[in-house]
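Within every chain, numbering begins at 1; the chains are lettered A, B, ... in the order of the sequence lines, protein sequences first and strands thereafter.
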Amino acid sequence: MNPAPIELHDTLSGARRPLETLEPGKVGIYCCGPTVYDLTHVGNARAAIVPDVIVRFLRQQGYEVKYVRNITDIDDKIIRRSLEEGRPAVEVAARYAAEYHRDMADLNVTPPDVEPCVQDHIPQIIELVRSLVDKGLAYAVDGDVYYRVRAFPGYGKLSKRRIDEMIEGAGSRIEVDERKESPLDFALWKGAKPGEPAWDSPWGSGRPGWHIECSAMSSTHLGDSFDIHTGGRDLVFPHHENEIAQSQGAHGEDTFARFWMHNGFINFAGEKMSKSLGNFFTTREITALYPPETLRYFLLTVHYRSGLNFEIEVACPGCGADLGPDEQETGLCRACGHRTDTEELRRRVRFPGLEEADDRLAYVYGTLLKARAFLAAATRPSGEEPLGEATAGMLAAFVEHMRGDFNTGGALGALSKPLGEVNGLLDSGKGVGKAARYLTLERFVRDMEQVAAILGCFGQDPATWLQLRRDMKAARLGLDTERVERLLAERTAARQGKDWAAADRIRDELADLGVGVQDGPEGSVWAFL
RNA sequence: GGCGGCAUAGCCAAGAGGCUAAGGCGACGGUCUGCAAAACCGUUAUCCCCGGUUCGAGUCCGGGUGCCGCCUCCA
């Protein structure tokens, strides 16, 4: 157990605070998981990867972590979807839960210790609602039960707003239900409508409202009080505000989550991802183009609380010009007048940020591959030698950044110098003793395993990953790899005959395909330019 | 309208009072190379504007300006 403090930003206090857990050495964390009504999008991916890295880091630091991430499988959106698909809501939920699990596995997200779902917690939910009614914090109307927001003094403390301001601002936007005492009162229990999933309750047949499940499931699995609660920024209000009202209303003001962590949004072309804007991308659309780890790495290059911009490039199929945002929307190229339909444009989208992440990952894995090959071919020296300075300090610097509110961006930056140092040693090793060279590389490889355990990146077999990456990039670019191999063989023959002119001509031809060659002592290999 | 967040080099991005403001991409120069590429080395910023607090501020406070988000389903 490392005594150095871990600091994290808490939304409720609005400040960075040292992590002090309820029980020393133990952390209970609740993560608001998905509502399973559709395929996960990249925003969902981020909301899962962020707590995953937090949990991994806390464990690496010696904490015993109990990680709970729920699945919301009863909800208006699921019911709507089930009507669209003409299938029972439970089937819809089960299907998208399975898809979610597949995406999470692809993205190397550690499964939670407990993954509760609403359907399995109806009794706990009813009990919680009943206790709120008993305390005067909720009231039943016609089979519905509403939370009496004005009866909870702290309402608004998380999202930093006041009830009166909200009513004023929202008056024109919320359809006021006359049966509610206040427009802000929210449903804890909804009376059954025909065709909807329903359970018996003291207020008649019905189902839980949106927020109550997280209050019930967190206390069931982590207790009335626990350490960390995470979710996307948009959940601050109303979801988490309402959770606080429910849980503290039922269990006391000094209960519930001690730290609230919220991850920032992913934006496309500078604006929030949204279906209506057509800038909505599922996780799978991305992982069809790039290795899943590339997406994961890309999401970790920025601090979790910041917004993250996904730049999009689409070239006009007609003239190759980059299309601007409005051209992307209309599909009409201003330069040549070519019109392209939306589906076609989506297939042609390129993500410069992901390209860069992909290249960077290839550099890291390439380094790892070379370092391991070197170590496998050499014998370990006996005795001790001072290691390369950057490599020796790498893990400590990395961890230091992580301790400061899980700053993955800064932590990743701490790998650069060591990476350069290691590649330098691999290249020549000049000016460094043989033993120091070996031991530095050994240390690097070993510490990168720690880094990989924390980030969930850099942990695959380098050769396998590099191959996957190359295949996907070839597919993405429409590269004929057989032709490349053939040209490469021709060039090798030319070089052996010292026919430099022919060799250079073939190299130009390969360059036109987007491929560069690297000549080394063991022959030539190709890579993307 | 209310509330919140952000503004650091050509682009992305760390930084939460104090040694020479991380890192990545790009660009330029060099090493290596048949020439290249890859890899390595080097160069490339005084932090939106104004005022204040402090011995000292990118970092704190006040006022501008500009983006973004939430207030309705949203990760």
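- Scanning atom types as modelled, no donor and acceptor separated by under 3.5 angstrom connect the side chain of A:His262 and the base of B:A75.
- In this structure, the ring pair (Phe, Tyr, Trp, His ring centres under 6.0 Å) partners of A:Phe310, at least two apart in sequence or on a different chain, are A:Phe268, A:Phe298, A:Phe351.
- In this view, A:Phe186 and A:Tyr147, A:His211 satisfy the ring pair (Phe, Tyr, Trp, His ring centres under 6.0 Å) rule, not counting sequence neighbours.
- Legend: salt bridge (Lys or Arg N to Asp or Glu O under 4.0 Å) pairs involving residues 411-421 of chain A, not counting sequence neighbours: none detected.
- Non-hydrogen atoms lying under 4.0 Å from RNA chain B are contributed by A:Ser159, A:Lys160, all within residues 153-160 of chain A.
- Distance from the side chain of A:Glu271 is smallest for B:G69 among the nucleotides B:G69, B:A75, B:C35.
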### Task
In sequence, state the C-alpha distance, the side-chain angles, and the governing distance for A:Asn242 and A:Tyr155, and then conclude on side-chain hydrogen bond (donor to acceptor under 3.5 Å, both in side chains).
CA-CA 8 Å; A:Asn242 291 353; A:Tyr155 197 77; 2.4 Å; yes
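- The partner of B:C48 is B:G64, by the rule that a Watson-Crick or G-U pair needs both atom distances under 3.5 Å.
- In this structure, of B:G69, B:G2, B:C73, it is B:C73 that holds the atom nearest to the side chain of A:Trp210.
- A donor and an acceptor atom sit less than 3.5 Å apart, one in the side chain of A:Asp504 and one in the base of B:G34.
- Shown here are the side-chain hydrogen bond (donor to acceptor under 3.5 Å, both in side chains) partners of A:Thr11, two or more places apart in sequence or in another chain: A:His262.
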Considering only nitrogen or oxygen atoms on both sides, find all protein atoms under 3.5 Å from nucleotides 6-10 of chain B and state each distance.
none

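- Residues forming a ring pair (Phe, Tyr, Trp, His ring centres under 6.0 Å) with A:Trp465 (at least two apart in sequence, or on another chain): A:Tyr365.
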Can you give me the N/O atom pairs linking the protein to nucleotides 21-30 of chain B at distances under 3.5 Å, or say none if there are none?
residue : atom : partner  : partner atom : Å
B:G23   : OP1  : A:Lys417 : NZ           : 3.0
B:G23   : O3'  : A:Ser416 : OG           : 3.0
B:G23   : O2'  : A:Ser416 : OG           : 2.7
B:G24   : O2'  : A:Glu356 : OE2          : 3.2
B:C25   : O4'  : A:Glu356 : OE2          : 3.1

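- Under the Watson-Crick or G-U wobble criterion, with both distances below 3.5 Å, B:C25 is paired with B:G10.
- For the C1' atoms, the distance from B:A14 to B:C6 is 15 Å, rounded to whole Å.
- A donor N or O paired with an acceptor N or O is not found under 3.5 Å between the base of B:A75 and the side-chain atoms of A:Arg233.
- Note on A:Arg491: a base of the nucleic acid sits closer than 4.0 angstrom, heavy atoms only.
- Scored by the side-chain hydrogen bond (donor to acceptor under 3.5 Å, both in side chains) test, A:Glu115 finds A:Arg69, A:His101 as partners (sequence neighbours excluded).
- Every ring pair (Phe, Tyr, Trp, His ring centres under 6.0 Å) that A:His41 has, sequence neighbours left out, goes to A:Phe280.
- Sorted by residue number, the list of members of residues 68-75 of chain A with any non-hydrogen atom under 4.0 Å from RNA chain B is empty.
- Interface residues of residues 492-503 of chain A facing RNA chain B, ordered by number: A:Arg495, A:Trp500; criterion, heavy-atom separation under 4.0 Å.
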